[in-house]
Amino acid sequence: MNKRKRFDWLLGAVLALGLALAAGCGRQEEPKEPTVALELSQMQNVCELATLECYYHNTAKFDSQKRVLFWNTSKRLWIEYSGVVKVGVDIGGLDMEVDGNVVTITLPEAKVMSCNVDEKSLTPESFYTETTGLGSGEITAEDQSEAFQAAQDGMLETAQGDALLLRQARERAQLLIENYVKNVGEAIGVAYQIQWKTDASPSQ
C-alpha cells in the first residue's frame with residue numbers, strides 16, 4: 001500500500017513538472033525596442049578616413065645681403081621642392097546628440113592637419129645658389145635650413161588660404177558621416193534625420 005501511494009505521488013510530481021515546462025515553452029519573450037547604435041567613436045573614425053592629402057610643388061628662396069668693407073655682397077639660394085598637406089576635420093570638435101530619430105551632429109570647419117616637405121624630393125638638382133661680391137661667403141647649412149623652413153611656411157600659408165580645399169574636406173567628411181548614419185538606421189529600422197552644426201547654429 002505504501003508503494004502504491006509513493007508511486008502515485010511520484011507520478012503527480014512528474015505530471016506537474018511537465019505542465020510547468022510546457023507552459024514555459026509556450027510563453028514568448030516581449031520584443032525588445034531597437035537601441036541607438038550610433039557611436040561617436042565610429043564617426044571620429046569616419047572623419048579620419050575623410051582626410052584629404054594634397055601635393056604641392058613650389059620653390060622657396062633664401063636671400064642674404066650685406067656690405068663687406070667697400071662692397072655689397074649677397075648670397076641667394078633657391079630650393080625646388082614637393083610637399084604633402086593633409087586637410088581634414090579635427091575629431092576633437094566632433095559631437096553628436098540623438099533625440100528620437102533626429103541626430104544633431106556638430107562638425108567643425110576643416111583645417112590643415114599637417115604640412116611636410118617631402119625630403120625625398122630634395123636632390124642636388126633641387127638647389128640653385130648664387131653669390132656676388134667679395135667676401136660674400138659660401139652657402140652654409142644654416143642658410144639651407146632657413147630656406148627649407150621658408151618652404152614649409154610657404155606651403156602651410158598656401159594651404160590655409162585655399163578656401164575651396166578646406167570646403168571640399170569638410171563636405172567629404174559630412175558625406176561619409178551621412179552614409180554612416182543612414183546605414184546604421186537601415187540596420188535597426190530607423191529613418192534618421194540629420195541636423196548639422198558648426199558651432200551653435202543647427203542646419204539641415
Flag side-chain contact, heavy atom, 4.5 Å: T106 against T198: no
### Message
Applying a strict under-4.5 Å side-chain criterion to I, L, V, M, F, W and Y, I'd like to know whether V98 and I194 cluster together.
### Response
yes
Quiz prompt | Note, L38 side chain near Y192 side chain (heavy atom, < 4.5 Å) | solution = yes
With sequence neighbours left out, the residues meeting salt bridge (charged side-chain N to carboxylate O under 4.0 Å, His left out) with D90 are K111
Here the gap from S114 atom OG to L156 atom CG, rounded to the nearest 0.5 Å, amounts to 10.0 Å
Report the C-alpha separation of Y81 and H57 in whole Å, then their side-chain angles, then the decisive distance to 0.1 Å, and conclude whether the side chain to side chain contact (heavy atoms under 4.5 Å, CB included) test is met. CA-CA 6 Å; Y81 68 93; H57 188 80; over 6 Å; no
Hphob cluster co-occupancy, I91 + V181, side-chain heavy atoms under 4.5 angstrom: no
Between P108 and V89, the two heavy atoms sitting closest are CD-CG1, 3.6 Å
Students should find that the hydrophobic cluster of Y55, defined by side-chain heavy atoms under 4.5 Å apart, otherwise consists of V84
Do V85 and M113 share a hydrophobic cluster (ILVMFWY, side-chain heavy atoms under 4.5 Å, transitive)?
-> no
TODO: Evaluate the side-chain proximity of Q195 to I105: yes if any heavy-atom separation is below 4.5 Å, no if none is.
DONE: no
Quick note, side chain to side chain donor-acceptor pair (under 3.5 Å) partners involving residues 148-160, not counting sequence neighbours, are Q149-D153
Contacts of E109 meeting salt bridge (charged side-chain N to carboxylate O under 4.0 Å, His left out) (sequence neighbours excluded), chain-then-number -> R170
For residues 173-191, the salt bridge (Lys or Arg N to Asp or Glu O under 4.0 Å) pairs (sequence neighbours left out) are none
To the nearest 0.5 Å, atom SG of C47 lies from atom CZ of R172 at 11.0 Å
Those residues at least two apart in sequence (or on a different chain) that pass side chain to side chain contact (heavy atoms under 4.5 Å, CB included) with V46 are L176, I177, Y180
Among the clusters formed by ILVMFWY side chains lying less than 4.5 Å apart, do L49 and M43 turn up in the same one?
no
Residues at least two apart in sequence or cross-chain that pass side chain to side chain contact (heavy atoms under 4.5 Å, CB included) with L40, listed by chain then number, are Q44, L94, D95, M96
- So does D99 have more than 12 non-hydrogen atoms from other groups sitting under 6.0 Å from CG? no
Under 3.5 Å: donor-acceptor pair, side chain of D162, backbone of L165: yes
Q. Is the CD atom of E97 crowded by more than 12 outside heavy atoms at less than 6.0 Å?
A. no
Hits for side chain to side chain contact (heavy atoms under 4.5 Å, CB included) against T51, two or more places apart or cross-chain, chain-then-number order -> K86
